[in-house]
Visitor: 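I have a structure here, written as C-alpha cells, and I will follow up with some questions on it.
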Amino acid sequence: MSVLVPVLEEVMRWDSSKIRRYFATQGLMLREWGKIRTDLLTIEESPEPIPAAEQAPAQTPLIAH
C-alpha cells in the first residue's frame, strides 16, 4: 500500500490528512510517515548487448565553468 501514497499525493493532489483518512476508512493506520527518495537497482551483464544504433542517446553532462 505504501506505493499508493505518492500516487495519491502527486496525481490526486491529496494532502497527508486526506491520505490518512482514506487509509483509516480501509481499516489501516499510518503510524510512521518518512519521506525519502530512493532508487534501488540491480544491474547485471546483459547476455546480448544492444547495438549502439539502438541505444538511447547519452545525456550531456553538466559542466560548471
Side-chain angles (χ1 to χ4, degrees):
M1 293 294 289
S2 64
V3 297
L4 181 59
V5 172
V7 173
L8 295 174
E9 287 181 309
E10 299 296 323
V11 177
M12 302 299 291
R13 302 284 187 221
W14 287 11
D15 62 17
S16 61
S17 61
K18 187 169 185 175
I19 294 170
R20 287 180 185 276
R21 283 193 306 271
Y22 172 74
F23 273 77
T25 65
Q26 304 303 310
L28 303 169
M29 180 176 62
L30 299 179
R31 291 179 40 170
E32 295 182 30
W33 188 329
K35 292 186 178 232
I36 58 172
R37 185 185 184 302
T38 298
D39 293 327
L40 179 61
L41 302 171
T42 301
I43 300 173
E44 59 186 47
E45 189 173 347
S46 175
E48 294 183 28
I50 298 172
E54 297 178 22
Q55 292 179 5
Q59 293 182 354
T60 305
L62 298 176
I63 301 173
H65 293 272

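These numbers were taken from a predicted model, which means no experiment stands behind them.
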Visitor: Group every Ile, Leu, Val, Met, Phe, Trp and Tyr by side-chain heavy-atom contacts under 4.5 Å, then state whether Trp33 and Phe23 land in the same group.
Guide: yes
Visitor: As an exercise, state the distance from OG of Ser16 to CZ of Arg20, rounded to the nearest 0.5 Å.
Guide: 6.0 Å
Visitor: I need the minimum non-hydrogen distance between Leu30 and Ile19, along with the two atoms involved.
Guide: CD1-CG2, 4.1 Å
